[in-house]
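Below you'll find the structure, written out as structure tokens, and then a few comments.
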Amino acid sequence: MRAADDGRDGGRTAPQAWGGDRVAPEAPGGGGRDRAAAGPETPGGTARGAGLLVAGTTSDAGKSVVTTALCRAFARRGLRVAPYKAQNMSNNSMVCRGPDGRMAEIGRAQWVQAVAARATPEPAMNPVLLKPGTDRRSHVVLLGHPAGDVSSANWEEGRRHLAEAAHGAFDDLAGRYDLVVAEGAGSPAEINLRAGDYVNMGLARHADLPVVVVGDIDRGGVFAALYGTVGLLEPADQELVAGFVINKFRGDPGLLKPGLADLERLTGRSVYGTLPWDAGLWLDSEDALDLEGRRSPGTGRRVAVVRLPRISNFTDVDALGLEPGLDVVFASGPRDLADADLVVLPGTRSTLADLAWLRSRGLDRAIVEHARRGRPVLGICGGFQMLGRTIADPDGVEAAPATADGLGLLDVRTDFTAEKTLRLPTGTALGAPAHGYEIHHGRVTPEEFLVREGRVFGTMWHGSLEGDAFRAAFLAETLGLEPSGTRFADARERRLDLLADLVEEHLDVDALLTLAREGPPPLPLLAPGGPPVAHHRSGGRFAAEEPPQRTPSAQPSSVRLLLLGGTSEARELAALLVESGVDVTTSLAGRVARPRLPVGKIRIGGFGGVPGLRAALADYDAVVDATHPFALGMTANAAAACTDVPLLRLERPGWDPDPAWHYVDTHEEAAAAAASLGDRPFLTVGRQELARFVPALDRHEALVRVVDVPDLAPPDAWRLVTSRGPYALDGELGLLREHRADVLVTKDSGGTYTWPKMAAARRLDIPVIVVRRPPGPEGVPTVHDVRSALDWVTGLRARR
């Protein structure tokens, strides 16, 4: 992959620079719309170019991933493809060259999409970039350059000129490329913002673009979200929404088919495919919503990246995540830095505010102590500025005027100026060639690529670690690592091709290309809660025939079911029950900060013991207890409360016993056994049980994995890891090896999500201590698979 400043794009150059005139052909006569591939008209009178808008039911539904994948898939068909996003809100940006030769700034996601499309990145691909400064004010980058601020108070009036510039940029791209793949923002169904929208349906109406809506099935409620997205739109917007893509599906595709068929029948629109869940396909993101998902699968030396509240350009550490000898994690507290071999202070949109946050958490002292012990520290851009002596912003470029002392680890001074630096520099450091990009208002004195004092390093160059030679030299200097041979640019290309392979396999790419060329077919109008309705489109023809209506039949009344959930089996059962027409409410205990939410109604929190649960049962006809096998309190309460209401226990089977495993009855017995069998246990028993392990293991170097940080302050020798399954065997093998674990402690939870740790321990010949399941309440009928539970519920409905 070539650097963006050399004017090349790997063999394909855009036909002209952005800003060239586009001449509209004379409009043909007649009242109907011409949708031929040769170029139908848009409502504004210009010829319609080939294009597609990828919208989403929510933020983070998968719009960026689908857009990136389609850019590469269409480019592999020999088309000149341009990505586009009218407005991006992100602190993760990239430098490219504008049409006048000046350096310009665009969102990182659109830069990567241009790479995927094998096109030269340019400002027209992301004409409006909003960089959040506070909760109510964003800094505006218009066509690559700073253009003041916009706030919630002047939002409507402040973005009118942004809409004109954005639509002009789209028209220019459409005139120079065979196909434009546009990405929406948020959801097109944000009806409170529709009047001023120029990113979603406002763009689609401007350019007569067909729209495909992406829904994230992992969040639950995807069918309602897709139907509702269309149903909430005004008729002229609905005309352009041609179909759907399901994202992040896990499980048996056969279970999804009835729902997809019903969605197509109810909406009169196509489902273009279902993308499977693949956690390894993340790309350069546009925000920091899921930094934990970026943790590297590597093992060995530990790199702790400080997770600043206003972190920017966090993709700087992606190259470290590819190194097989490193484990890259994001750190939010001093304890997270205690065992780090290298600490990285990344970029930030607000250096002074994040420096104050750093001090409020005690992270400043932890970083200084890390450096005092002779361990390396790297600061990048804003992180580099924090490592210096003084940071001065007398004119309030970032926020209010202020001056602050830095951490004093580097002898540099930072002064903020109104003029923004945008560069694509090259140079050498540590005996290796280096390159990167600069985006900043703060000027650091002295100005050098790499400032060093002992083991503390600082640079204003984002992306410098993506250079293979410099990264190898830096890791050799700081951690003593030999070059791994990892090639970052090649790895990105492989990810892009794998992403394109995924959509080629699971989406109807040919149909999407036809849609982009010809526009949406005639489509029915939806009203929330009603069937598709044929309506007259401009152009003199009916959009669709009304689909055949089902003949009402005597259906058994629905069962009102309370599902005590929190497990994968409960989520699977809820989805099947909703599809079957059962009125199901899933109850979650609320002990997990970010639970995976099921389909259907949800309540969160306890009932208040047996009396509270018994009172709540007045609203339900039956109960299924699908809680965790070790959730003894809820299971016992359900058995005691359901005296007049049918109750079923859905309990996943335990793991098949292994003769080499050590079974115990209590957590205290497990702690004692672990103390006798090893010095470096791996504890996977849940955060609520950890206190029972402290007396026996407080001096052991325990690795503790939990979903959420426990209230208990763990012993100093313990290392805490927060993560959520499902896990993979390779990752578990790496984790056990890195920790040098000599005993695994777990509960007999069963299931597939956490089984890989058992397989890893078996492969590494590590002893395993298993806490037996306690017996459940007597007299409660129990099943061990979701299908049996579904049959039990539907049997109740049939008997009503």
Side-chain angles (χ1 to χ4, degrees), residues 292 295 299-307 327-343 360-375 591-593 630 662 664-725 727 731-732 734-747 749 754 757 760-761 764 766-771:
E292 296 305 327
R295 174 172 178 166
T299 59
R301 310 300 290 275
R302 187 175 178 82
V303 179
V305 183
V306 179
R307 184 173 182 164
D327 180 19
V328 180
V329 299
F330 287 86
S332 300
R335 186 178 290 131
D336 300 330
L337 305 185
D339 60 348
D341 297 291
L342 167 66
V343 169
S360 73
R361 302 293 294 267
L363 280 161
D364 59 329
R365 297 188 298 274
I367 294 170
V368 171
E369 175 62 18
H370 180 90
R372 188 192 65 77
R373 293 163 61 189
R375 295 184 177 182
R591 292 174 178 171
V592 177
F630 282 79
H662 303 265
V664 295
D665 291 320
T666 68
H667 291 85
E668 288 78 8
E669 291 176 11
S676 67
L677 289 174
D679 297 315
R680 301 180 63 83
F682 179 26
L683 304 182
T684 61
V685 294
R687 62 189 175 98
Q688 293 177 314
E689 311 296 346
L690 290 181
R692 302 165 71 175
F693 286 81
V694 171
L697 299 174
D698 62 329
R699 297 184 182 277
H700 287 63
E701 295 184 54
L703 175 64
V704 180
R705 183 165 68 195
V706 289
V707 174
D708 292 320
V709 176
D711 296 330
L712 166 78
D716 291 340
W718 287 16
R719 172 185 162 197
L720 198 67
V721 175
T722 57
S723 68
R724 185 199 304 262
Y727 300 101
E732 299 294 75
L735 189 62
L736 288 168
R737 287 175 176 139
E738 176 208 355
H739 181 62
R740 304 193 305 278
D742 50 18
V743 59
L744 167 65
V745 184
T746 186
K747 299 184 291 190
S749 300
T754 60
K757 68 185 176 188
L764 297 177
I766 294 173
V768 178
I769 299 169
V770 182
V771 180

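Small disclaimer: the values here were computed from a predicted structure and weren't measured. For reference, positions follow the sequence shown, starting with 1.
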Quick check for you: to the nearest 0.5 Å, what is the distance between [X] atom [atom1] and [Y] atom [atom2]?
| X | Y | atom1 | atom2 | answer |
| --- | --- | --- | --- | --- |
| Thr746 | Lys757 | OG1 | NZ | 3.0 Å |
| Arg687 | Leu720 | CZ | CG | 11.0 Å |
| Glu738 | Arg719 | CD | CZ | 4.5 Å |
| Glu732 | Leu744 | CD | CG | 9.0 Å |
| Arg307 | Leu363 | CZ | CG | 13.0 Å |

Measure from the side-chain N and O atoms of [X] to the backbone N and O of [Y], and report whether any donor-acceptor pair falls under 3.5 Å.
| X | Y | value |
| --- | --- | --- |
| Thr684 | Val745 | yes |
| Trp718 | Val694 | no |
| Arg302 | Asp339 | no |
| Arg740 | Arg680 | no |

When you look at His667 and Val771, which way does the side chain to side chain contact (heavy atoms under 4.5 Å, CB included) test go after all the steps? CA-CA 7 Å; His667 291 85; Val771 180; 4.3 Å; yes

Least distance between heavy atoms, [X] atom then [Y] atom:
| X | Y | value |
| --- | --- | --- |
| His700 | Ala717 | O-CB, 3.5 Å |
| Val706 | Gly686 | CG1-C, 4.1 Å |
| Val768 | Ala761 | CG2-CB, 3.7 Å |
| Lys747 | Val770 | C-CG1, 4.3 Å |
| Ala304 | Ala331 | CB-CB, 4.3 Å |
| Arg361 | Ser332 | NH2-O, 3.0 Å |

**Asked** Taking Leu690 as the fixed residue, which of Pro710, Pro714, Pro715 is the one that meets the side chain to side chain contact (heavy atoms under 4.5 Å, CB included) rule?
**Response**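 One option only clears the test, and that one is Pro710.
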
request  = Report the residue from Val743, Ile766, Leu735, Asp742 that forms a side chain to side chain contact (heavy atoms under 4.5 Å, CB included) with Phe682.
outcome  =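 Going through Val743, Ile766, Leu735, Asp742 one by one, the side chain to side chain contact (heavy atoms under 4.5 Å, CB included) with Phe682 is satisfied by Leu735 alone.
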
Using side-chain hydrogen bond (donor to acceptor under 3.5 Å, both in side chains) as the criterion, list what pairs up with Asp716, not counting sequence neighbours.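 Not a single residue meets the side-chain hydrogen bond (donor to acceptor under 3.5 Å, both in side chains) criterion with Asp716.
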
Q.
Going by side-chain hydrogen bond (donor to acceptor under 3.5 Å, both in side chains), name the residues that satisfy it together with Arg372, two or more places apart in sequence or in a different chain.
A.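 Arg372 satisfies side-chain hydrogen bond (donor to acceptor under 3.5 Å, both in side chains) with Glu369 only.
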
If the condition is salt bridge (charged side-chain N to carboxylate O under 4.0 Å, His left out), which residues does [X] pass it with, not counting sequence neighbours?
| X | value |
| --- | --- |
| Asp698 | none |
| Glu689 | Arg692 |
| Asp341 | Arg301 |
| Arg375 | none |

The test is side chain to side chain contact (heavy atoms under 4.5 Å, CB included); show your working for Leu337 and Ile367 and say whether it passes. CA-CA 8 Å; Leu337 305 185; Ile367 294 170; 3.8 Å; yes

Within the 4.5 Å heavy-atom criterion, are Arg365 and Pro334 side-chain neighbours or not?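 Answer no - side chains too far apart.
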
Q.
Set out, in order, the CA-CA distance, both residues' side-chain angles and the distance that settles side chain to side chain contact (heavy atoms under 4.5 Å, CB included) for Gln688 and Phe630, then state yes or no.
A. CA-CA 11 Å; Gln688 293 177 314; Phe630 282 79; over 6 Å; no

